[in-house]
Amino acid sequence: MVVCSCNRLTHKDVEAAVADGATRPREIYAARNCKAQCGNCVKGVVCLLREARLKHMKKAEVPAHMVPVATDVALSA
């Protein structure tokens, strides 16, 4: 699914970036050598980032309550 039309960023891109260690939205965009353009995608990227991190942490068998999530969404895009 395309999350960011401006950069053609997909949910697979988000998952791949998380698997490579991304923990913030700007790191997701940086993994694709881009940045948020219009900003409409940021909320969706944050949601997918959280889901991907939880999934990744579950695979590593880390309790979900120990998964840190960046809260400065507006500043990190």
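The first residue in the sequence is number 1, and the count goes up from there.
Between Met1 and His11 the shortest heavy-atom distance is N-ND1, 2.6 Å. Closest approach of Cys6 and Gln37 over heavy atoms only: CB-CG, 3.6 Å. Cys41 approaches Val3 most closely through the heavy-atom pair CB-O, 3.3 Å.
In this structure the side chain of Val18 reaches within 4.5 angstrom of the side chain of Leu49, judged on heavy atoms.
For the side-chain contact (heavy atoms from CB on, under 4.5 Å) criterion with Leu9, the lone passing option out of Val45, Val2, Leu48 is Val45.
Using modelled atom types, one side-chain atom of Arg32 and one backbone atom of Arg8 make a donor-acceptor pair closer than 3.5 Å.
The distance from the CD atom of Glu51 to the CD atom of Glu15 is 9.0 Å, given to the nearest 0.5 Å.
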